[in-house]
Trainee: 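Pasting in a structure now, in structure tokens, and then I'll have a few things to ask.
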Amino acid sequence: SSAAPMERHHSIDAQLRLLAPGKVSEDDKLVEYDALLVDRFLDILQDLHGPHLREFVQDCYEVAAEYEGDRDAARLDELGGRLTGLAPADSIVVASSFSHMLNLANLAEEVQIANRRRNKLKRGDFADEASATTESDIEETLKRLVSDLGKTREEVFDALKNQTVDLVFTAHPTQSIRRIRNCLRQLYAKDITADDKQELDEALQREIQAAFRTDEIRRTQPTPQDEMRAGMSYFHETIWKGVPKFLRRVDTALKNIGIDERLPYNAPLIQFSSWMGGDRDGNPRVTPEVTRDVCLLARMMAANLHFSQIEELMFELSMWRCNDELRVRAEELHRASRKAEKHYIEFWKQVPPTEPYRVILGYVRDKLYYTRERSRHLLTSGSSDIPADSTFTDVEQFLEPLELCYRSLCDCGDKTVADGSLLDFLRQVSTFGLSLVKLDIRQESDRHTDALDAITAHLGIGSYRSWPEEKRQEWLLSELRGRRPLFGGDLPMTEEVADVLGTFRVLAELPPDCFGAYIISMATAPSDVLAVELLQRECHVGHPLRVVPLFEKLADLEAAPAAVARLFSIDWYMDRIGGKQEVMIGYSDSGKDAGRLSAAWQLYKAQEELVKVAKQYGVKLTMFHGRGGTVGRGGGPTHLAILSQPPETVNGSLRVTVQGEVIEHSFGEEHLCFRTLQRFTAATLEHGMHPPVSPKPEWRALMDEMAVVATEEYRAMVFKEPRFVEYFRSATPETEYGRMNIGSRPSKRKPSGGIETLRAIPWIFAWTQTRFHLPVWLGFGAAFKHIMQKDIRNVQALREMYNEWPFFRVTLDLLEMVFAKGDPGIAALYDELLVADELKPLGEQLRSNFEDTKKLLVQVAGHRDVLEDDPYLKQRLRLRDPYITTLNVCQAYTL
């Protein structure tokens, strides 16, 4: 690393091996995969832009790799000098090159992890990061519950068939380079011929070049409909077939523990929901028309997927034996077909009566055709001449003829056939229904207050906005118990109020199975929930959506149990909910409000208290976790995240957001989809049947004390330090985020204002860009220091908490990973180039805090260095660093 630039060996392959020393084993080929992809990319770069740019990119990579070895700031200056010496056109090519090499490194890691996991599962080896605690499959979980934890097979089966995991897709930018991944995996497959290898290598180069030549920059902002189409593409590509495949694995796992019965086809094990086109919280582009469009688009997609599947099924079910019930139905359909109106195409007329299953399925196919076409007409022109009774209007209508076919096959000795593609299809229909996903609606509580204020002003009874909570509740309940309409078409309203009421009218217009929950962000009181109930009734929503309060900021989380208890004490509301309530807790805004440590602890305590309140009132509570992909927004390994929740808070029912930035990683391929469904299902079952330990009273006391100190330090810096906002905006690319066409939503809830108005994504991502990750660690150091200085014995207590309490272990392990990714030297470069002299001492203070916090963290964890327990993850991060460092330097100098 001390060689002069001209003496450097220009081989990224060689440099990669320096970064990852040691023998590359047969099943650990990350370096090899990365070197292959980068080598192919450099060949393409040379062909397109000449050898001088290839040489330049290699030189930059090697300087960055040397910086990773010695952290000498002079390397960054050298790299900056090289990059600023380029012509603008070449700068763009070089920046794009490192961006693509980073993408390829991520992709190589995905393939290598999949291969590593596959090989270890074959050997039954869980010695490292793929241990049973982080990567448990469903069969292993079932066996452990029965053999190690003493549960009966019947108890496990009963818990599983009544369990629900609802994955809620949200809209954020994602990227797919699936074909490159497939080529790489096939290149390293066993039994590959020389010809296959050559052809795959050529295909790999084509796909890498195609990705490199595709513009990465969005020139126009995506619409919510664009985001919805992108999100729904995963259903078409992987989830549609992945769900029945996974449920078959559950059947196999049950059989292997002695349960001969299959999981019922309508067991609600996995469900899918969406916020794409329904989340209007601070997004003016999500209008009532957009919500209507995305619902119709989803129904059209669902009908199309079902239509294709039913055609395949018709080829399989050619047998003529059937029970009397099915034969009578088939004959009725033939008679009805002769009376059908001629201007409809009746597919099932063409099927001979000697193939009764095909007659029934032909009828289903016909109805699906009209269901799809009616949705398409409504979407494109707002009306359709296809009558509703020619379509499926609810999923029970759809399931009934399929259930009839299943029963008939079983009655005639063909259960083996029934349990094939027909069972898979029944499970798909039960999971996806006619709407593919259920759309949640999210709106801020203030917007409902505005609407009701307009109504009370029009009625001449005062200003709803100015009323105290008691008066609001009293009036809302009197209206909910009565029947009079509150307003007509003459209600004067602002554009914002018209938007709120227009959304409720869309809920009334569309089929009820399009929608899931109505989520109220910034909810604080029972009136927030009752307001939505009243507005649903006033806008004639025939099947009202369940109303879900979302508690986000620290004070709201603290007050949430009392607010929910007041809600449950209202007789009208208890009659309305039928013993079930959902509550959403927000990870992003709570972290932004108080820092990660305090937010995590308050989320933990709020869940415990909410469960106590629900038990007191005899209500089954479902927690909806609004987690982000990044650690600062509540992200982390799925299995550990679930198993670290407080006891009794999952209880067989879990809703969780799958943020757009991690959808590709979770569902981009069939094996990823399978793994994701398995993780959620296994962890939810294990948490319910074998809850984690509760914290000891002394651990709680320490956490309470630490949280107070952490919140104080975090807020003192972020909200009270007068120089902080200016420092943040100059030291990071935060202001540039608002100018990028990443998503349809503005980067701020309000155009003006400070950190509190900024959305969690630009807040977290701006610090991620500078490798400083401030929102994740700020506050931890002061908390650790306070506790250790107060009593030296607390160091041992913290280590005990780390070793025995899953919540504390996961919180600190994620923090340790963030420190492994962080680099205060890179943050210092941004400061040097971008921050005014009078603000630089603040940056130095924060970087000193970063280093102090890291030292205290490894002391508590009992480690000598970060990621000491996970050398494989450490290696993966080191291999990425030179690409990221070059991009950091390029960005800082460009800014």
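For this chain, numbers begin at 1 and follow the sequence in order.
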Trainee: Under 3.5 Å, is there a donor-acceptor pair between the side chain of Thr676 and the main chain of Leu672?
Mentor: yes
Trainee: Compare all side-chain heavy atoms of Asp870 with those of Asp813 and state whether any distance is below 4.5 angstrom.
Mentor: no
Trainee: I need the Ile208 CD1 to Asp39 CG distance, nearest 0.5 Å.
Mentor: 9.5 Å
Trainee: List the residues meeting salt bridge (charged side-chain N to carboxylate O under 4.0 Å, His left out) with Asp865, not counting sequence neighbours, and say none if there are none.
Mentor: Lys874
Trainee: Could you tell me which residues satisfy ring-ring contact (aromatic ring centres under 6.0 Å, His included) with Phe212, sequence neighbours excluded, listed by chain and number?
Mentor: Phe41, His100
Trainee: Looking at every non-hydrogen atom in both residues, tell me the closest pair between Cys60 and Leu83 and how far apart they are.
Mentor: SG-CD2, 4.2 Å
Trainee: Tell me, please, which residues at least two apart from Arg40 pass salt bridge (charged side-chain N to carboxylate O under 4.0 Å, His left out).
Mentor: Asp201
Trainee: To the nearest 0.5 Å, what is the distance between NZ (Lys241) and NE2 (His236)?
Mentor: 8.5 Å
Trainee: Starting at CE of Met717, measure out to CG of Leu778 and round the result to the nearest 0.5 Å.
Mentor: 6.5 Å
Trainee: Ser274 side chain to Met276 main-chain N or O, any donor-acceptor pair under 3.5 Å?
Mentor: yes
Trainee: Taking salt bridge (charged side-chain N to carboxylate O under 4.0 Å, His left out) as the test, write out the residues that go with Arg880, two or more places apart.
Mentor: Glu109
Trainee: How far apart are the closest heavy atoms of Glu816 and Glu868, and which atoms are they?
Mentor: OE2-N, 3.9 Å
Trainee: Charged N to carboxylate O under 4.0 angstrom, Asp881 versus Arg878?
Mentor: no
Trainee: List in chain and number order the residues that pass side chain to side chain contact (heavy atoms under 4.5 Å, CB included) with Glu199, two or more places apart in sequence or in another chain; answer none if no residue qualifies.
Mentor: Asp195, Asp196
Trainee: Between Leu829 and Ala892, what is the shortest heavy-atom contact and its length?
Mentor: CD2-CB, 4.2 Å
Trainee: Once ring-ring contact (aromatic ring centres under 6.0 Å, His included) is applied, do any residues pair with Phe850, and if so which ones, sequence neighbours excluded?
Mentor: Phe772, Trp777, Phe819
Trainee: Can you name the side chain to side chain contact (heavy atoms under 4.5 Å, CB included) partners of Leu834, sequence neighbours left out?
Mentor: Tyr830, Leu895
Trainee: Enter the distance from Ile44:CD1 to Arg54:CZ here, rounded to the nearest 0.5 Å.
Mentor: 10.5 Å
Trainee: For the atom pair OH (Tyr893) and CG (Leu76), what is the distance rounded to the nearest 0.5 Å?
Mentor: 8.0 Å
Trainee: For the backbone of Ala64 and the side chain of Thr885, can you confirm whether one donor and one acceptor N or O come within less than 3.5 Å of each other?
Mentor: no
Trainee: Looking at Tyr727, is its backbone amide N or carbonyl O close enough to the side chain of Ser730 to form a donor-acceptor pair, meaning the two atoms are under 3.5 Å apart?
Mentor: yes
Trainee: Identify all side-chain donor-acceptor contacts of residues 84-94 below 3.5 Å with residues at least two apart in sequence or on another chain.
Mentor:
unit_1: Thr84; atom_1: OG1; unit_2: Gly80; atom_2: O; d: 2.8
unit_1: Thr84; atom_1: OG1; unit_2: Gly81; atom_2: O; d: 3.2
unit_1: Ser91; atom_1: OG; unit_2: Ala87; atom_2: O; d: 3.4

Trainee: Quick one: closest heavy-atom pair of Thr732 and Glu736, and the distance?
Mentor: O-OE1, 4.4 Å
Trainee: Hey, does the side chain of Thr238 reach the backbone of Phe667 with a donor-acceptor pair shorter than 3.5 angstrom?
Mentor: yes
Trainee: Heavy atoms, side chains only, cut-off 4.5 Å: are Leu200 and Ile192 in contact?
Mentor: yes
Trainee: Under the ring-ring contact (aromatic ring centres under 6.0 Å, His included) rule, collect the residues that match up with Phe272, sequence neighbours excluded.
Mentor: Phe235, Phe432
Trainee: Show your working on side-chain contact (heavy atoms from CB on, under 4.5 Å) between Phe680 and Leu167 and close with a plain yes or no.
Mentor: CA-CA 9 Å; Phe680 275 107; Leu167 304 178; 3.7 Å; yes
Trainee: List in chain and number order the residues that pass side chain to side chain contact (heavy atoms under 4.5 Å, CB included) with Ala828, two or more places apart in sequence or in another chain; answer none if no residue qualifies.
Mentor: Arg847
Trainee: Does the side chain of Ile884 come within less than 4.5 Å of Asn888's, by heavy atoms?
Mentor: yes
Trainee: For a quick test of reading the model, state the closest non-hydrogen atom pair linking Lys592 to Tyr714 and the distance between them.
Mentor: O-OH, 2.8 Å
Trainee: Would you say the side chain of Lys854 lies within less than 4.5 Å of the side chain of Phe780, judging by non-hydrogen atoms?
Mentor: no
Trainee: Less than 4.5 Å apart, any side-chain heavy atom of Thr657 and any of His625?
Mentor: no
Trainee: Looking only at heavy atoms, what is the nearest atom pair of Gly668 and Tyr234, with distance?
Mentor: CA-CE2, 3.9 Å
Trainee: Phe724 vs Val718, test: side-chain contact (heavy atoms from CB on, under 4.5 Å). Steps then yes/no.
Mentor: CA-CA 6 Å; Phe724 181 78; Val718 174; 4.0 Å; yes
Trainee: Do Leu107 and Asn103 have side-chain heavy atoms sitting under 4.5 Å apart?
Mentor: no
Trainee: Show your working on side-chain contact (heavy atoms from CB on, under 4.5 Å) between Asn106 and His665 and close with a plain yes or no.
Mentor: CA-CA 10 Å; Asn106 290 335; His665 183 69; over 6 Å; no
Trainee: Sequence neighbours excluded, which residues qualify as side-chain hydrogen bond (donor to acceptor under 3.5 Å, both in side chains) partners of Asp47?
Mentor: none
Trainee: What pairs with Glu844 under salt bridge (charged side-chain N to carboxylate O under 4.0 Å, His left out), at least two apart in sequence or on another chain?
Mentor: none
Trainee: Using the rule given for side-chain contact (heavy atoms from CB on, under 4.5 Å), can you reason through Ile180 versus Leu204, listing the C-alpha separation, both sets of side-chain angles and the distance that settles it, and then say yes or no?
Mentor: CA-CA 6 Å; Ile180 301 176; Leu204 184 66; 3.7 Å; yes
Trainee: For the backbone of Trp767 and the side chain of Thr770, can you confirm whether one donor and one acceptor N or O come within less than 3.5 Å of each other?
Mentor: yes
Trainee: How far does CH2 of Trp275 sit from CD of Gln659, to the nearest 0.5 angstrom?
Mentor: 7.5 Å
Trainee: Does some side-chain heavy atom of Val818 sit less than 4.5 Å from a side-chain heavy atom of Leu814?
Mentor: no
Trainee: So Asp279 and Val286, do their side chains get closer than 4.5 Å, heavy atoms only?
Mentor: no
